Participant: 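Got a structure here, written out as structure tokens. Questions coming.
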Amino acid sequence: MVETKIKCSFCNENAVTRIGYAKLWLCKEHFIQFIEKKVFNTFKRYGLGGKNWRILAAVSGGKDSVSMLYILHKLSKDIGFELIALHIDLGIGEYSKISREVVENLCKSLGIPLIVLDLKELTGFNLPEMVSKTKRPPCSLCGLIKRYLINVAAQELKANAVALGHHLDDLIPYIIKNFVLQNLFEISKLGPKTDTLNGLVGRIRPLYEVSEDEIMLYAYLAKLPFVQNECPYSARKGLEKTIREFINNAEKRHPGFKIAFARSIAKNIEIYKNIGKEEPLKQCKICQSPSNSEICSFCKITAKVAGKPLGSEVKTKIAQLHLLNLNHTSTT
Ligand code: SF4
Ligand code: ZN
Ligand code: ZN
């Protein structure tokens with residue numbers, strides 16, 4: 001936020017920020033409207049959801065997912081979709097405890113049905129215990145677990161899509177990195193939406209055209225509660241960090257660069273889908289979840305940690321949770 005005596009481009013209030021690519025100075029209220037309108041337009045532009053859809057929003061408690069949930073809650077009334085929140089408690093000490101509280105309180109105050117999946121309750125192990133038993137890098141293990149649990153919950157709920165809080169500054173470095181490494185098919189998964197296919201519920205990214213700075217300012221101005229601390233495992237790695245610096249510099253010199261880039265990727269997404277196409281997904285022999293090999297990564301990893309694959313067991317537990325929560329939904 002900038003201290004300024006410059007007036008908002010739409011009213012007589014002092015501006016709190018300048019949007020370079022739109023050549024606008026905006027006051028608090030008009031900035032909030034600007035971001036919400038942008039997400040609404042993103043929905044329309046890319047067909048992210050419609051009337052009577054059931055959207056499952058994955059909410060970690062950080063500024064991005066909390067802002068996404070808050071905006072989706074507003075849009076759900078205008079567009080007419082049903083919104084359910086999902087939080088995964090990874091059991092990473094204080095960080096997870098605070099994150100869960102933030103999400104539970106926010107959903108309660110907004111009246112959004114919430115499903116919490118507690119990794120320790122589901123598998124007997126929290127993330128740090130899994131990390132020490134498998135010696136895998138925490139974020140890759142965490143990503144694998146979250147993808148699995150989110151998909152199981154989305155399937156159980158018969159959700160049309162899973163909403164993720166990824167913004168421009170999350171996505172562009174990965175797109176560029178995959179381009180540099182020529183993992184072109186991977187780029188097809190980084191657009192505004194993926195389709196439901198072979199048991200994998202489609203993903204939508206409502207913040208596809210919003211930058212990290214914009215989300216931070218939105219969360220602050222809308223007075224949203226979010227977890228301030230970073231996950232203790234988080235670390236921005238070499239190449240991604242360099243690319244982030246590059247795109248931020250490019251945006252400063254050429255306002256609108258990031259959005260133009262994101263739109264071009266979205267426009268060409270079909271091309272990336274057809275380049276270096278992966279083998280169609282199989283079904284895990286143990287838990288029947290979509291998998292790249294005979295046995296899914298979740299079953300493999302839990303076999304290592306718990307001595308037996310837990311996919312089927314975890315799916316049954318989630319199915320039971322989901323029934324409880326749907327009953328709750330229908331009574332609110
Ligand atoms: Fe998981 Fe890594 Fe994010 Fe922590 S930083 S929540 S371990 S992906
Ligand atoms: Zn204004
Ligand atoms: Zn499995």
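Treat the numbers as computed from the prediction; the structure is a model and nothing was measured. Counting starts at 1 for both ligands and their atoms, following the listed order.
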Participant: With the threshold set at 4.0 Å, does a side-chain nitrogen-carboxylate oxygen contact exist between E214 and K258?
Facilitator: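 K258 and E214: not salt-bridged.
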Participant: Check this for me, if you would: do K273 and D195 make a salt bridge, where the nitrogen-to-carboxylate-oxygen distance has to be below 4.0 angstrom?
Facilitator: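 Between D195 and K273 there is a salt bridge, with a charged N closer than 4.0 Å to a carboxylate O.
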Participant: Strictly under 6.0 Å, is that where the ring centroids of Y272 and F185 end up?
Facilitator: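 No, the ring of Y272 stays outside the 6.0 Å limit from the ring of F185, centre to centre.
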Participant: Counting only protein N/O/S, how many atoms fall short of 2.8 Å from the Zn ion (ligand 3)?
Facilitator: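 My tally for this metal is 4.
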Participant: Taking atom 1 (Fe) of ligand 1 as the center, what protein N, O or S atoms are found at less than 2.8 Å?
Facilitator: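 Sorted hits: C142 SG.
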Participant: Decide yes or no on salt bridge (Lys or Arg N to Asp or Glu O under 4.0 Å) for K177 and E240, but give the supporting numbers first.
Facilitator: CA-CA 7 Å; K177 186 179 163 191; E240 279 144 43; 2.9 Å; yes
Participant: Do NZ/NE/NH1/NH2 and the carboxylate oxygens of D118 and K317 come within less than 4.0 Å?
Facilitator: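 K317 and D118: not salt-bridged.
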Participant: With salt bridge (Lys or Arg N to Asp or Glu O under 4.0 Å) as the criterion, how do K315 and E156 come out once you've worked through the C-alpha distance, each side chain's angles and the decisive distance to 0.1 Å?
Facilitator: CA-CA 9 Å; K315 282 177 86 169; E156 282 300 326; over 6 Å; no
Participant: Do F81 and F43 make the cut of ring centroids closer than 6.0 angstrom?
Facilitator: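 Close enough - the centres of the two rings lie under 6.0 Å apart.
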Participant: Is the shortest heavy-atom distance from the side chain of H167 to the side chain of S211 under 4.5 Å?
Facilitator: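 No, their side chains stay 4.5 Å or more apart.
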Participant: Inspect the contact between E104 and K108 and indicate whether a charged nitrogen and a carboxylate oxygen are less than 4.0 angstrom apart.
Facilitator: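 The answer is no: the pair does not qualify as a salt bridge.
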